[in-house]
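Here is how names work: the chains are called A, B, and so on, in the same order as the sequence lines, proteins then strands, and each is numbered from 1.
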Amino acid sequence: MSLEYKITKESLNEIEINLLGEVDIYTSPGLKDYIINLIDNRKNNIKINAENLEYIDSTGLGCLMAVYKKLNEYNLTMEIYNLKKNIYKLFDITGLNKVFDIKGNI
Amino acid sequence: MNKIKDDKIKLMIPKKSEYIATARITISSIGNLLGFNIEDIDDLKVIISEICIFFINHIKDNENPLEIEYFIKDKKIIVEVKDLNKHQYVEDTMSLDKSYNEMSILIIESLSDKYKIDMENKKINFEKYINSIDRC
């Protein structure tokens, strides 16, 4: 399974992106470029719907870190919600659950 | 289900990011066959990927493949990944790669029952046991 990502909601100051599939060493560079370009061009907060995210690895977590740092440059925020239990586990192991704003039942 | 044990599967994948999913799919299939629960199969997929990522990040040479051996035992799986490239492991102390590699090791350590990193011989192996409660 590869990765699909698309904007599902847009408001004046926020863009919601739905991730579908796997954010791994192969797909994460493309995702990182896509979101970072979006931030540079639109200067909006980012909300990530992870309901259909099936898998993430350390490079995927690194991609989210890069997005988080880019948002910080503009004083913008990122929210991640609907994470599956097996994926949240990796945020917990790496301590990134304390860095990112994670919402929803896990 | 028949007891499956003492079998071995060897997989050679090009040392390229697009083939790591192949190693993941293989371990998922073996884990399912052995009776690992869904959560442990997810762990196995993550561990094998992180080992491959570690080699890709640490040994830049990629002319030769990664050799992955899956040893199927009665109550556990042992997996060994070897980087067949000539270049030696170089510890990166400065770049962003270092934090990614630390993250990889942290994940491998947390999700496996036993692991060993042998960078002199460019191989990493790990073991994961089948939860006895799940096997009832």
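Contacts between Ile93(A) and chain B at a heavy-atom distance below 4.5 Å involve backbone atoms as well as side-chain atoms. For Ile20(B), the part lying under 4.5 angstrom from a heavy atom of chain A is the side chain only. For a residue to count as touching a neighbouring chain, one of its non-hydrogen atoms must lie under 4.5 Å from one of that chain's; by this rule Ile38(B) does not touch chain A. Neither the backbone nor the side chain of Ile87(A) has a heavy atom closer than 4.5 Å to any heavy atom of chain B.
Contact annotation: the side chain of Tyr81(A) never approaches that of Ile48(A) to less than 4.5 Å [non-hydrogen atoms, C-beta and beyond].
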Review point. When you look at Asp40(A) and Tyr74(A), which way does the side chain to side chain donor-acceptor pair (under 3.5 Å) test go after all the steps?
Key: CA-CA 9 Å; Asp40(A) 279 332; Tyr74(A) 294 113; 2.7 Å; yes
Exercise for review: Begin with the C-alpha distance, continue with both residues' side-chain angles, and end with the deciding distance and a verdict on salt bridge (charged side-chain N to carboxylate O under 4.0 Å, His left out) for Asp43(B) and Lys45(B).
Suggested key: CA-CA 5 Å; Asp43(B) 290 352; Lys45(B) 287 162 67 182; over 6 Å; no
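Ring planes of Tyr34(A) and Tyr5(A): tilted class, angle from 30 to 60°.
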